[in-house]
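First up is the structure itself, then whatever we jot down about it.
Nothing here was measured: the structure is a model prediction, and the numbers come from that model. Just so we're on the same page: letters track the sequence lines, and every chain starts at 1.
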Number of protein chains: 2
Amino acid sequence: MKLTKNIPARTIERMVLYKRLLSDLLSKGQKTLFSHQLAALAHNTPAQVRRDIMTIGHEGSPHKGYDIASLITRITAILDGSKDRSIALVGVGNLGRAILSYFTYRHPGLTIVAAFDTDDSKVDRVISGCRCYHIREFETKVRELDINVGIITVPATQAQNVTDMMVAAGIRGILNFAPVPLKVPDTVCADRIDIASSLEKLAYFADHLKQHE
Amino acid sequence: MKLTKNIPARTIERMVLYKRLLSDLLSKGQKTLFSHQLAALAHNTPAQVRRDIMTIGHEGSPHKGYDIASLITRITAILDGSKDRSIALVGVGNLGRAILSYFTYRHPGLTIVAAFDTDDSKVDRVISGCRCYHIREFETKVRELDINVGIITVPATQAQNVTDMMVAAGIRGILNFAPVPLKVPDTVCADRIDIASSLEKLAYFADHLKQHE
DNA sequence: TACTTACTGTGAAGCAACTCACAAAGACAT
DNA sequence: ATGTCTTTGTGAGTTGCTTCACAGTAAGTA
């Protein structure tokens, strides 16, 4: 695979979606599709789809469209989805446990292999198939299990501390559920999922979207 | 408050964050701040902060900066955060329950007032302070409790059905945890939170971000 | 009073993502 | 063959958010 330079984040997000949609179609026996069909499934435009596929260096043929199997292969290669990802979760509270149970065995290629907490009553328990360790073992386990993505589900006040610890341990991607922005060096990628913020934003648009045509 | 026309979604997201950061400062007794201080807390630039504040029609003074209390008031007015929001959740599975427990009593102004499921064993139970109803009562309860935001935590196969039901019941904002994009009329605002996708994206950037200065 | 300093408000420039619109090309019909 | 139809690939244009850079301004200083 040629080294495609700098694919924009938005495109990567859509690739993840395309991959899932295409895999569905493939498992139903469909072999090819056109840009407008994928666009309908992804709720965007044919032009967007074609541009995206062009961006990752793949091509289709004007009369058959895109070959689903080879497109999946290409996207997978881009996303590096071939190799299994080991993920660590820090903060075994309500949300942490929910993510563990929600996640386990459901997402091939993405596995939460270790959870961490400061609470001794949680240490060594196995929650939804995932063992809990004391947070002081974090760096050791990260190295041992070759983890490079971390999930943060600790209270806001501790999120930055945990982040710094993750960065020090060599984590390169952080998914943060705490409602604070994290400071990370630019060799590390951090994303925030904040349910309360999302709801507030939604509440705003629920009121301000046009009420009529 | 004057009708500010069309504040971009990105700005609204930052407003939600600013509001939280400013409230923290206010409760610590701070009265005013400068754009560069808020920028540091929000991890963006002073110019961005000033532009945002300008966009919502507020202003500061060159020597004292912005008045925190009045800025919060303004943001709250914009976000309509004064009135309490009633929220419905559909799909009382692992994730649904986690969100209920994670959310309850923690977010003033945002309350999940009713949960819905098809499973009779869940109906009438109270989970984390929130009562479950059978989904056939959805529209009735939505009207009764004046709900206009909904959370979807059902399996992907049912997400669109639930969405259509929500739209029919008059819901205007939908937060979707199922890994499929939803089709909604443009009078309704839908947002997707997909943990698996986020992790895949993160995994990609964990590998592709620059390794060194 | 005049000078310095530090900040805001904002027009204009810069960027990045999205869309348009059309040339090129294969399939099929006649 | 020749023409028609449909769809791809893509340069160019557009849109919308972000950043720059500087005039305007008020407080502090002497």
Side-chain angles (χ1 to χ4, degrees), chain A residues 2 4-18 22 25 30-68 70-71 74-75 78 181 186 189 201 204-205 208-209, chain B residues 2 4-18 22 25 30-68 70-71 74-75 78 181 186 189 201 204-205 208-209:
Chain A
K2 92 205 48 134
T4 37
K5 66 270 158 194
N6 270 3
I7 301 173
R10 296 288 191 70
T11 302
I12 293 295
E13 284 170 17
R14 285 190 297 269
M15 285 301 151
V16 174
L17 177 60
Y18 294 163
L22 292 168
L25 293 179
Q30 191 169 338
K31 294 278 180 280
T32 64
L33 53 37
F34 298 117
S35 61
H36 61 88
Q37 298 176 299
L38 186 49
L41 294 170
H43 294 152
N44 60 179
T45 65
Q48 178 79 79
V49 168
R50 293 202 300 277
R51 176 71 62 187
D52 285 339
I53 290 175
M54 185 186 128
T55 302
I56 62 167
H58 200 73
E59 49 188 56
S61 78
H63 273 259
K64 295 186 296 226
Y66 301 95
D67 178 71
I68 295 181
S70 73
L71 188 47
R74 170 62 58 104
I75 294 175
I78 299 273
D186 60 3
C189 176
K201 186 180 70 170
Y204 173 81
F205 286 106
H208 290 79
L209 237 42
Chain B
K2 92 203 49 130
T4 36
K5 65 270 162 197
N6 270 2
I7 301 174
R10 295 288 190 70
T11 302
I12 292 295
E13 284 171 17
R14 285 190 298 268
M15 284 302 148
V16 174
L17 177 59
Y18 294 162
L22 292 169
L25 293 179
Q30 190 168 340
K31 293 280 180 279
T32 64
L33 53 38
F34 298 117
S35 62
H36 62 88
Q37 298 175 298
L38 185 50
L41 294 170
H43 294 152
N44 60 179
T45 65
Q48 177 81 81
V49 168
R50 292 201 301 278
R51 176 71 61 184
D52 285 340
I53 290 175
M54 184 187 129
T55 301
I56 61 168
H58 200 74
E59 49 188 54
S61 81
H63 273 259
K64 296 188 294 232
Y66 302 95
D67 178 70
I68 295 181
S70 73
L71 189 46
R74 171 62 58 104
I75 294 176
I78 298 273
D186 60 4
C189 176
K201 186 181 71 170
Y204 173 83
F205 286 107
H208 291 77
L209 237 43

* Pro46(A): side chain to side chain contact (heavy atoms under 4.5 Å, CB included) partners, not counting sequence neighbours -> Ser35(A), His36(A), Ala39(A), Arg50(A)
* What pairs with His63(A) under side chain to side chain contact (heavy atoms under 4.5 Å, CB included), at least two apart in sequence or on another chain? -> none
* To do: Tell me, please, which residues at least two apart from Gln37(A) pass side chain to side chain contact (heavy atoms under 4.5 Å, CB included).
  => Gln30(A), Leu33(A), Phe34(A)
* **Tyr66(A) to Ile53(A) - nearest heavy-atom pair and separation** => CE2-CG2, 3.6 Å
* To do: Using the test side chain to side chain contact (heavy atoms under 4.5 Å, CB included), find all partners of Ala42(B) that sit at least two apart in sequence or belong to another chain.
  => Leu17(B), Tyr18(B), Leu21(B), Asn44(B)
* If you look at every heavy atom in Cys189(B) and Phe205(A), which pair is closest and at what distance? -> SG-CB, 3.7 Å
* Closest contact, heavy atoms only, Ile68(A) versus Leu22(A) -> CG2-O, 3.6 Å
* On DNA chain C, which is the earliest and which the latest nucleotide, 5' to 3', with an atom closer than 4.0 Å to a heavy atom of chain A? -> dA17(C) to dA27(C)
* When rounded to the nearest 0.5 angstrom, what distance separates CG in Leu38(B) from NE2 in His43(B)? -> 11.5 Å
* Report the residue (Arg50(B) or Arg50(A)) whose heavy-atom-nearest nucleotide on DNA chain C is the more 5′ of the two. => Arg50(B)
* Asked: Does the Thr11(A) side chain pair with the main chain of Ile7(A), one donor and one acceptor, at a distance under 3.5 Å?
  -> no
* Structure fact -> Given protein heavy atoms under 4.0 Å, the one-letter contact record of nucleotides 24-30 of chain D, with B base, S sugar-phosphate only and - none, is simply BBBS---
* Not counting sequence neighbours, list each pair that qualifies as a salt bridge (Lys or Arg N to Asp or Glu O under 4.0 Å) and has a residue in residues 54-68 of chain A. => none
* Those residues of residues 32-42 of chain B lying under 4.0 Å from DNA chain D by at least one heavy atom -> none
* Sequence neighbours left out, what pairs pass salt bridge (Lys or Arg N to Asp or Glu O under 4.0 Å) with at least one residue falling in residues 7-18 of chain A? => Glu13(A)-Lys201(B), Arg14(A)-Asp52(A)
* Structure fact -> When the rotation axes relating C1' atoms of four end pairs to the next four are compared across the helix from dT1(C)-dA30(D) to dT30(C)-dA1(D), five pairs an end, they differ to 10° by 10°
* Asked: At what distance, to the nearest 0.5 angstrom, does CD1 of Ile56(B) lie from CD1 of Ile75(B)?
  -> 5.0 Å
Considering only nitrogen or oxygen atoms on both sides, find all protein atoms under 3.5 Å from nucleotides 12-17 of chain D and state each distance.
{"residue": "dA12(D)", "atom": "N6", "partner": "Arg51(A)", "partner atom": "NH2", "Å": "3.4"}

* Asked: What nucleic acid atoms does Thr11(A) come within less than 4.0 Å of, heavy atoms only: base, sugar-phosphate, or nothing?
  -> nothing
* **Closest contact, heavy atoms only, His58(A) versus Ser70(A)** => NE2-OG, 3.3 Å
